[in-house]
2 protein chains.
Amino acid sequence: MIVQTPCRLCPLRDSGAFSPNTDAEIEFIQAMLTRQVKVKAGSPILHEGHDSKELYTLLSGWVFRYGSLYDGRRQIFNFLLPGDFIGLQHQLGQAAPHGVDALTDVTLCVFPRERMWDLYRNHPALGYDITWLCAHEEWMVDENLLSVGRRSAAERIAMLLIHLYKRAERIGLVGPEGLPFPLTQQHLADALGLSLVHTNKTLKRLQAAGLYSLIEGRLKLLNPAALARLADYYARPLRARPLI
Amino acid sequence: MIVQTPCRLCPLRDSGAFSPNTDAEIEFIQAMLTRQVKVKAGSPILHEGHDSKELYTLLSGWVFRYGSLYDGRRQIFNFLLPGDFIGLQHQLGQAAPHGVDALTDVTLCVFPRERMWDLYRNHPALGYDITWLCAHEEWMVDENLLSVGRRSAAERIAMLLIHLYKRAERIGLVGPEGLPFPLTQQHLADALGLSLVHTNKTLKRLQAAGLYSLIEGRLKLLNPAALARLADYYARPLRARPLI
DNA sequence: CGACTAGTTGAGCCGATTCAACCCCAGTGG
DNA sequence: CCACTGGGGTTGAATCGGCTCAACTAGTCG
């Protein structure tokens with residue numbers, strides 16, 4: 001498949017959420033990019049237990065990372081939004097410790113893993129950025145672990161809704177009608193460490209309490225303050241983040 | 001405080017668990033090292049909500065990383081053993097999203113954060129290694145999240161015991177009497193997302209079933225196969241890991 | 001000798017789970 | 001055209017794993 005837009009004109013960079021790169025860096029990224037691929041909603045991107053020779057940047061769409069147990073119990077580790085980087089956790093030649101599935105139709109920028117080394121050598125700033133992205137993702141998993149380990153069902157839901165909303169807002173995904181929200185209740189349950197039924201009931205309770213609305217697949221936070229209080233959510237100062 | 005041993009002779013490197021570095025790299029690390037510090041068991045190393053200008057490599061002792069909620073509920077994200085790197089998640093000038101406490105008496109190698117940039121520029125391989133360490137730590141948090149989200153109490157405990165034991169074994173911490181095990185039941189509970197009381201009861205059940213023993217602070221896995229089955233644990237192939 | 005920390009154990013309760021229906025809607029194929 | 005199917009969502013009932021409360025032991029430290 002042909003690359004539609006050159007990295008220089010990457011639509012993500014317009015959102016203002018990402019830190020600028022030098023022309024040389026962008027050129028290098030462009031040269032490293034082997035192709036773009038589209039993946040259908042619901043399809044796997046990386047298989048649990050297989051290795052992959054590629055890394056991806058999520059250009060558009062939603063994706064989630066998960067692990068599972070032999071009997072099918074599944075835990076979603078985190079959700080990835082456009083601009084996020086996929087595949088760092090996989091050591092080359094080693095089985096993937098987790099799976100990655102497309103939540104919506106998705107466009108990916110594909111990078112060969114063996115070029116990574118060139119990146120670190122030729123553009124140390126980009127190497128630094130990749131570490132940043134990795135640390136950032138770990139922070140998100142930490143947050144989720146704190147939720148699953150110590151928050152009640154309602155608190156977990158509040159946290160997840162706020163957090164996803166803020167992230168999406170940052171990259172310009174929130175329109176006047178709210179945020180197009182592709183998660184099913186099963187996804188929520190799997191991310192929160194809850195059962196589907198209990199997720200549903202708690203969701204309804206929060207909705208009835210007027211904390212949020214979800215109409216025609218669009219999420220609105222009707223009472224962000226109450227949600228934040230419930231979740232014990234603190235907004236971290238927003239700053240530009242790297243984009244590879 | 002004076003640095004006791006030069007990095008070249010770092011005792012950790014003898015365990016065979018770490019990948020070798022070139023002389024130039026080790027020299028660079030040595031030059032970056034500002035000092036070594038000792039921290040008493042139970043003392044904080046990084047404060048939740050404060051920023052730090054330093055990074056650390058854990059030279060000896062055990063440490064844990066945690067987050068907490070306004071009312072004191074605490075979740076331990078992971079435990080760090082000698083050779084692990086501390087402080088990546090903190091953005092410079094940004095409040096730490098988590099705290100790090102010493103579990104035992106601890107020795108740390110201290111690196112100034114502002115030298116990181118030099119490291120990436122002068123020794124891209126070391127930059128690559130740091131990314132590796134970060135990805136590895138994220139993987140451990142993933143594992144823990146899978147436990148807390150989807151495993152039963154007994155399964156969680158089995159998983160944690162095996163995992164800690166294997167990691168400690170790898171770096172030569174396991175002696176003929178077993179593994180010196182510094183965690184209290186409160187630590188276990190906080191790591192597993194369980195209450196102290198329930199952790200205690202489940203622990204006793206597993207012990208009575210002959211799966212492990214913990215005498216005089218030393219852990220032995222009496223029935224590793226049964227533990228692994230219970231936890232749905234798969235050993236990943238062991239390979240040398242970077243050490244900074 | 002308190003005072004404090006870590007561990008142990010029982011009783012009762014509750015949040016979350018499982019099981020089981022049922023609804024709505026969008027495909028899809030006869 | 002309609003019957004059938006499957007995915008997503010909703011709801012009630014019964015159950016249970018894990019929680020809280022509470023009391024008690026053993027060891028250690030000043």
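Below, read A as the first sequence line, B as the second, and so on, with proteins coming before strands; counting in each chain starts at 1.
- Position along DNA chain D of the nearest nucleotide to A:Arg150 versus A:Leu203 favours A:Leu203 as the more 5'-ward residue.
- The CG atom of B:Leu179 sits 5.5 Å away from atom CG of B:Leu219, with the distance rounded to the nearest 0.5 Å.
- Taking atom CD1 of A:Ile215 as the reference point, atom C1' of D:dG9 lies 16 Å away to the nearest angstrom.
- Residue B:Gly193 is classed as a sugar-phosphate contact, given heavy-atom separations below 4.0 Å to backbone atoms only.
- OP1 and OP2 of C:dG7 both lie 4.0 Å or more from every side-chain N or O belonging to B:Asn200.
- In this entry the distance linking CZ of B:Arg205 with P of C:dG10 reads 14 Å, nearest Å.
- We find that NZ of B:Lys204 is positioned 8 Å from C1' of C:dG7, with the value rounded to whole Å.
- Here the CE-CG distance, from A:Met159 to B:Leu69, works out to 9.0 Å after rounding to the nearest 0.5 Å.
- Annotation: salt bridge (Lys or Arg N to Asp or Glu O under 4.0 Å) contacts of B:Glu48 (sequence neighbours excluded): none.
- Contacts of B:Arg241 classified as salt bridge (Lys or Arg N to Asp or Glu O under 4.0 Å), with partners at least two apart in sequence or in another chain: B:Asp84.
- For the contact set between residues 177-189 of chain B and DNA chain C, defined by any heavy atom under 4.0 Å, the members are B:Thr184, B:Gln185.
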Sub-3.5 Å pairs of nitrogen or oxygen atoms, protein against nucleotides 14-17 of chain D:
none

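- With values rounded to the nearest 0.5 angstrom, B:Leu206 atom CG is found 10.5 Å from B:Glu155 atom CD.
- For the side chain to side chain contact (heavy atoms under 4.5 Å, CB included) criterion with B:Glu54, the lone passing option out of B:Leu46, B:Val110, B:Ile86 is B:Val110.
- Counting to the nearest Å, the P atom of C:dG7 and the CD atom of B:Gln207 are 11 Å from each other.
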Query raised in the report: What string of B, S and - do you get for nucleotides 22-30 of chain D, 5' to 3', if B is base contact, S is sugar-phosphate-only contact and - is no contact with any protein heavy atom under 4.0 Å?
Result: ---------
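- Rounded to the nearest 0.5 Å, atoms CZ (A:Phe111) and CZ (A:Phe85) are 6.0 Å apart.
- Between A:Glu216 atom CD and C:dC25 atom C1' there is a gap of 14 Å when expressed in whole angstrom units.
- Residues meeting the salt bridge (Lys or Arg N to Asp or Glu O under 4.0 Å) test with B:Arg74, sequence neighbours left out: B:Asp190.
- DNA chain D lies under 4.0 Å from no heavy atom of any residue of residues 71-79 of chain B.
- A:His187 and A:Thr184 form a side-chain donor-acceptor contact under 3.5 Å, judged by distance and modelled atom types alone.
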Would you give me the side-chain donor-acceptor pairs under 3.5 Å for residues 60-67 of chain A, sequence neighbours excluded?
residue	atom	partner	partner atom	Å
A:Ser60	OG	A:Thr107	OG1	3.0
A:Arg65	NE	A:Asn78	OD1	2.8
A:Arg65	NE	A:Glu137	OE2	2.8
A:Arg65	NH1	A:His98	ND1	3.0
A:Arg65	NH1	B:Asp142	OD2	2.9
A:Arg65	NH2	B:Glu138	OE2	3.0
A:Arg65	NH2	B:Asp142	OD1	3.0
A:Arg65	NH2	B:Asp142	OD2	3.2

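- A distance of 11.0 Å separates OH of A:Tyr233 from CG of A:Leu227, quoted to the nearest 0.5 Å.
- Applying the salt bridge (charged side-chain N to carboxylate O under 4.0 Å, His left out) test to pairs two or more places apart or on separate chains, those with a residue in residues 102-111 of chain A are A:Lys40-A:Asp105.
- Side-chain contact between A:Leu59 and A:Leu108: absent, with no pair of heavy atoms (C-beta onward) separated by less than 4.5 Å.
- Legend: residues meeting salt bridge (Lys or Arg N to Asp or Glu O under 4.0 Å) with A:Asp14, ordered by chain and number and at least two apart, are absent.
- For the helix from C:dC1-D:dG30 to C:dG30-D:dC1, the rotation axes defined at the first and last 5 base pairs enclose an angle of 30°, given to the nearest 10°.
- Atom CD of A:Glu143 and atom CD of B:Gln75 lie 11.5 Å apart (nearest 0.5 Å).
- Here B:Leu194 lies in heavy-atom contact (under 4.0 Å) with sugar-phosphate atoms only.
- By the ring pair (Phe, Tyr, Trp, His ring centres under 6.0 Å) test, A:His47 is found to be paired with A:His50, residues two or more places apart in sequence or in another chain being considered.
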